[in-house]
Amino acid sequence: MAKEFLRYFIRPEVLAGYLKESRARFTPVMPSMTRADPWWTDPSDPHRPVATRQGLVTPTMPWWQTFNPAYAQVISEQLWTQAEARVTQYGATPEQAADEAIMRIKVIFERYEIT
């Protein structure tokens with residue numbers, strides 16, 4: 001049933017409806033969808049046409065996590081968010097929180113270091 005649902009869901013007319021109802025939080029992966037529907041490039045919306053152009057027309061670059069597994073782990077562990085929480089919720093000084101985050105980042109990068 002899952003495969004049947006996906007066959008249904010990825011039909012351009014179904015996926016287009018879903019993407020529109022999600023308020024364009026996701027860019028269509030099929031450029032033809034945006035060319036066939038002026039909703040994606042409607043200049044009365046200040047965000048949608050820009051996001052569509054950035055996602056489908058201008059050159060894009062993969063996230064840094066795809067090039068560096070150490071950086072991917074740092075992002076995955078949300079170390080900077082945790083440091084902010086240590087300051088705002090647990091009373092740590094910004095210096096303490098930053099030092100802890102940096103120490104953890106160093107440990108992660110050392111683990112992936114090529115010798």
Side-chain angles (χ1 to χ4, degrees):
M1 286 195 107
K3 287 182 181 180
E4 187 177 318
F5 172 73
L6 285 176
R7 274 193 222 66
Y8 163 78
F9 190 72
I10 64 170
R11 291 185 1 224
E13 65 275 9
V14 175
L15 187 55
Y18 169 77
L19 292 171
K20 284 172 137 180
E21 290 300 319
S22 70
R23 307 280 183 180
R25 286 183 178 87
F26 308 101
T27 302
V29 295
M30 302 172 207
S32 60
M33 289 173 61
T34 61
R35 286 192 292 271
D37 188 347
W39 185 83
W40 291 98
T41 55
D42 180 6
S44 68
D45 183 297
H47 309 289
R48 205 169 43 233
V50 174
T52 301
R53 187 173 52 254
Q54 285 178 341
L56 298 174
V57 177
T58 60
T60 58
M61 181 178 165
W63 293 95
W64 287 106
Q65 297 93 300
T66 61
F67 298 115
N68 187 320
Y71 184 68
Q73 185 173 343
V74 169
I75 297 300
S76 175
E77 291 186 18
Q78 301 179 351
L79 295 176
W80 293 116
T81 305
Q82 289 181 25
E84 289 176 20
R86 297 255 310 119
V87 173
T88 60
Q89 297 174 16
Y90 301 107
T93 67
E95 292 78 14
Q96 290 170 326
D99 288 344
E100 290 172 8
I102 291 168
M103 283 188 338
R104 177 67 184 139
I105 291 168
K106 285 180 180 179
V107 168
I108 291 170
F109 270 80
E110 287 170 0
R111 179 173 161 226
Y112 288 96
E113 195 171 309
I114 298 173
T115 55

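- I105 CD1 to Q73 CD: the interatomic distance, rounded to the nearest 0.5 Å, is 11.0 Å.
- Side-chain atoms of R48 come within 3.5 Å of backbone N or O of W39 as a donor-acceptor pair.
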Query - side chain to side chain contact (heavy atoms under 4.5 Å, CB included) assessment of E100 paired with R104 - result: CA-CA 6 Å; E100 290 172 8; R104 177 67 184 139; over 6 Å; no
Report task. Begin with the C-alpha distance, continue with both residues' side-chain angles, and end with the deciding distance and a verdict on side chain to side chain contact (heavy atoms under 4.5 Å, CB included) for N68 and Y112. Result -> CA-CA 9 Å; N68 187 320; Y112 288 96; 5.6 Å; no
Requested in this report: Assess whether side chain to side chain contact (heavy atoms under 4.5 Å, CB included) is satisfied between V50 and R53, documenting all intermediate values.
Outcome: CA-CA 5 Å; V50 174; R53 187 173 52 254; 3.8 Å; yes
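- The two residues A101 and W80 come nearest to each other via the heavy atoms CB-CZ3, 3.7 Å.
- Residues M33 and L15 approach most closely at CE-C, 3.9 Å, considering heavy atoms.
- In this structure, Y8 and F5 have tilted ring planes: the angle between them lies in the 30° to 60° band.
- When the options V74, I75, L79, T81 are evaluated for a side chain to side chain contact (heavy atoms under 4.5 Å, CB included) with E77, the one that passes is L79.
- For the atom pair OG1 (T27) and CD (Q54), the distance works out to 8.5 Å, reported to the nearest 0.5 Å.
- Listed here is the closest heavy atom pair of S44 and P46: O-CD, 3.7 Å.
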Report task. For side chain to side chain contact (heavy atoms under 4.5 Å, CB included), just list the numbers for I102 and K106, CA-CA rounded to whole Å, side-chain angles, deciding distance to a tenth of an Å, and then say yes or no. Result -> CA-CA 6 Å; I102 291 168; K106 285 180 180 179; 3.8 Å; yes
